[in-house]
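Below is one structure, written out as structure tokens; comments come after it.
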Amino acid sequence: MAKSPNVLLILADDHGYGDISVHNGPSIQTPHIDRIAANGVRFTKFYANSSVCSPSRSSLMTGRYPDRVGVPGVIRTHSENSWGYFRQNAVTLPSALKQKDYHTALIGKWHLGLEPENHPCQRGFDHFHGFLGDMMDDYYTHLRHDINYMRHGSDTIDPQGHATDIFTEWSVEFIRAQAQSSQPFFLYLAYNAPHTPIQPPDDWVERVTAREPDISPQRAKYIALVEHMDAGIGQVLDTLAETDQLSNTLVIYTSDNGGSMDVGAHNGPLRGQKGEMYEGGIRVPTCAMWPGHVPEGHVTDQVALLMDLFPTVCEVAGAPIAHEIEGRSIWQTLQGEQQDFSDRILYWLRREGGQRFLGQCQHAVRRGDTKLLHNSPFEPLELYDLSSDPLETTNGSQTRMDLFREMSQLFQAETQKAGSVPWQR
């Protein structure tokens, strides 16, 4: 019997829609992300499930809306500014894949809780080599608020080097070790690049500035951080090829939210950025390849979200899903076919603190090409028609009152569905 396909799921942190070269990102070169797109399917309308980190990651791991699993906002290392608790009854993707005897690994950033019961190895991963916290204050010390959150399993470790290089190296080691195994693997490689601090290795900055002498120092550093990550992805793909595993591996690349423009990111022509419900905050670069199964060079405008990867990977692996999820498999889309999702109501949220939010939420809800968004709890709702106004320039909330009321009702219904799920312990 043929071995089930391996799955390599690569998640970047704050990588904006415009910052890959295949999307004509200014001055940027991402040959290895482009390689996934060229050898497979590239999405032009793929979305994160939130405008920030933890909620999107919870959806990726569960196939559910973030607030349905207790993660409406960012889980932080300080409890007074933490806005979620990853529910114990949420079934994770690695747990689902273990039904099909997958060896499951997370290398890189977790960001779904520091509690012992929410350690990755308690949530379905056999192997964890990475960072538990929300972000690193330094890519070389790996500390957050002077605390070390780097772990190998449950052991605290202090590896040397740039975090991107470390996560790449550990992934290469894992893939080499798996080459002789009869078990298929699921590797969730979660880089913390290009999240702040924008701290690429110096030689990568020099390379960019020599090639692009006219760009700003800030943009040069950001590009260097992305290109350094892209080179790491190339090493991982090369290792799959060298160990003769690439032909039996579904590779997916995506990001947890849009780019942060105030540190040099570029979200293409889209309005907004990380932390906002405009397209630039939630639409992310996404592509997937699997030789012989996913057509090469296919581009799709199918609307899909991170939560859709849960049922997609389960379908590819033959793992049954016996519980309710909001995600839908996009395996047909990955095979180059059309899927009719016209009946879908899509919903985004982020709960946050600080003076801008005061513990309240921002939201968006979408039906077809109509999008209602609430970018701040203290600002009016906005209504956009993405078919005629993809850059969200014309707010129709005061001119299309019937549609505005309809969408507001959908927004209310989605909010009610989450009301029974606590987001604090």
Side-chain angles (χ1 to χ4, degrees), residues 3-13 31-33 35-36 57 61 92-94 97-98 101-111 119-133 136 139-142 148-195 200-201 203-204 225 227-254 289-291 313 317:
K3 180 172 153 180
S4 297
N6 305 311
V7 179
L8 167 61
L9 175 54
I10 306 169
L11 184 73
D13 198 349
H32 303 292
I33 298 170
R35 177 171 149 197
I36 299 171
R57 289 161 195 266
M61 284 292 97
T92 65
L93 179 53
L97 292 176
K98 290 180 80 63
D101 199 34
Y102 272 73
H103 185 56
T104 58
L106 165 57
I107 293 174
K109 176 175 168 177
W110 174 232
H111 200 184
H119 185 282
C121 293
Q122 299 299 318
R123 300 309 301 258
F125 287 104
D126 298 313
H127 176 80
F128 172 56
H129 214 167
F131 183 76
L132 288 173
M136 295 177 186
Y139 272 79
Y140 290 95
T141 68
H142 323 126
N148 181 359
Y149 293 104
M150 284 289 235
R151 302 286 187 272
H152 187 191
S154 296
D155 296 332
T156 301
I157 56 173
D158 187 18
Q160 302 301 300
H162 192 283
T164 299
D165 291 328
I166 291 168
F167 297 154
T168 296
E169 178 185 325
W170 290 343
S171 298
V172 166
E173 289 172 359
F174 175 82
I175 289 166
R176 289 197 187 285
Q178 285 301 115
Q180 305 307 317
S181 174
S182 59
Q183 265 186 299
F185 69 76
F186 169 64
L187 172 55
Y188 172 33
L189 168 52
Y191 286 108
N192 59 324
H195 194 290
D203 57 329
W204 282 85
L225 193 59
E227 292 187 356
H228 177 226
M229 175 184 69
D230 182 76
I233 291 168
Q235 290 181 49
V236 172
L237 296 178
D238 288 347
T239 305
L240 283 170
E242 289 163 15
T243 56
D244 200 28
Q245 297 180 91
L246 187 61
S247 62
N248 194 41
T249 301
L250 170 62
V251 179
I252 302 169
Y253 177 83
T254 188
M289 70 176 189
W290 180 13
V313 170

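Note that the structure is a prediction, hence the values are computed from the model and not measured.
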Mind checking the CG-CD1 spacing from Leu189 to Ile10? Nearest 0.5 Å is all I need. 5.5 Å

Side chains of His32 and Val236: closer than 4.5 Å at any heavy-atom pair? no

To check you understand the geometry: which heavy-atom pair defines the closest contact between Leu8 and Leu240, and what is its length? CD2-CD1, 3.8 Å

Do Ile107 and Leu187 pass the side-chain contact (heavy atoms from CB on, under 4.5 Å) test, and can you show the C-alpha distance, the side-chain angles, and the key distance before you say yes or no? CA-CA 7 Å; Ile107 293 174; Leu187 172 55; 3.8 Å; yes

Looking at Asp203, I'd like to know if its CG atom is crowded, meaning that more than 12 non-hydrogen atoms belonging to other residues, nucleotides or ligands lie closer than 6.0 Å. yes

Who passes ring-ring contact (aromatic ring centres under 6.0 Å, His included) against Trp110, sequence neighbours left out? none

Trp290 side chain to Val251 backbone, donor-acceptor under 3.5 Å: no

For Gly153 and Cys121, the nearest pair of non-hydrogen atoms, with its separation, is CA-SG, 4.4 Å

ring-ring contact (aromatic ring centres under 6.0 Å, His included) partners of His228, counting only residues at least two apart: His162, Trp204

The reported gap from CE in Met289 to CD1 in Ile252 (rounded to nearest 0.5 angstrom) is 11.5 Å

Given the rule in the side-chain contact (heavy atoms from CB on, under 4.5 Å) test, do Leu11 and Arg57 qualify, once you have shown the distances and angles that lead to the verdict? CA-CA 9 Å; Leu11 184 73; Arg57 289 161 195 266; 3.6 Å; yes

Could I get the full list of side chain to side chain donor-acceptor pair (under 3.5 Å) partners for Thr243, not counting sequence neighbours? Gln245

Which residues pass the side chain to side chain donor-acceptor pair (under 3.5 Å) test with Asn192, sequence neighbours left out? none

Any pair with a residue in residues 231-241 that passes salt bridge (charged side-chain N to carboxylate O under 4.0 Å, His left out), sequence neighbours left out, goes on the list, sorted by first then second residue, please. Arg35-Asp238

Tightest non-hydrogen contact, residues Ala190 and Leu106, listed as CB-CD1, 4.2 Å

Looking at Met61 and Pro94, what are the two nearest heavy atoms and their distance? SD-CD, 4.1 Å

Can you name the residues that form a side chain to side chain donor-acceptor pair (under 3.5 Å) with Thr239, not counting sequence neighbours? none

For Asp126, check salt bridge (Lys or Arg N to Asp or Glu O under 4.0 Å) against everything at least two apart and list the hits. Lys98

Passes side-chain contact (heavy atoms from CB on, under 4.5 Å), Thr104 versus Leu93? Steps please. CA-CA 9 Å; Thr104 58; Leu93 179 53; over 6 Å; no

Enumerate donor-acceptor pairs with a distance under 3.5 Å from any side-chain N or O in residues 166-174 to protein atoms, sequence neighbours excluded.
unit_1: Thr168; atom_1: OG1; unit_2: Thr164; atom_2: O; d: 3.0
unit_1: Thr168; atom_1: OG1; unit_2: Tyr191; atom_2: OH; d: 2.7
unit_1: Ser171; atom_1: OG; unit_2: Phe167; atom_2: O; d: 2.8

Kindly write out the residues that satisfy salt bridge (Lys or Arg N to Asp or Glu O under 4.0 Å) with Glu242, not counting sequence neighbours, or none if the list is empty. Arg176

Output for pair (Ile175 CD1, Gln235 CD), nearest 0.5 Å, gives 10.5 Å

Indicate the atoms forming the closest heavy-atom contact of Leu225 with His195, along with that distance. CD2-O, 3.9 Å

Sequence neighbours excluded, which residues qualify as ring-ring contact (aromatic ring centres under 6.0 Å, His included) partners of Phe131? none

Any side-chain hydrogen bond (donor to acceptor under 3.5 Å, both in side chains) involving residues 149-160? Give me the pairs, sequence neighbours left out, ordered by first then second residue. Arg151-Thr156

Counterpart residues, side chain to side chain donor-acceptor pair (under 3.5 Å), relative to Gln183 (two or more places apart): Asp101

Rounded to the nearest 0.5 Å, the OH atom of Tyr102 sits from the CG atom of Asn6 at a distance of 7.0 Å

What's the spacing between His111 NE2 and Leu132 CG if we round to 0.5 Å? 11.0 Å

Please report the closest heavy-atom contact between Phe128 and Gly108, naming both atoms and the distance. CE1-O, 3.7 Å

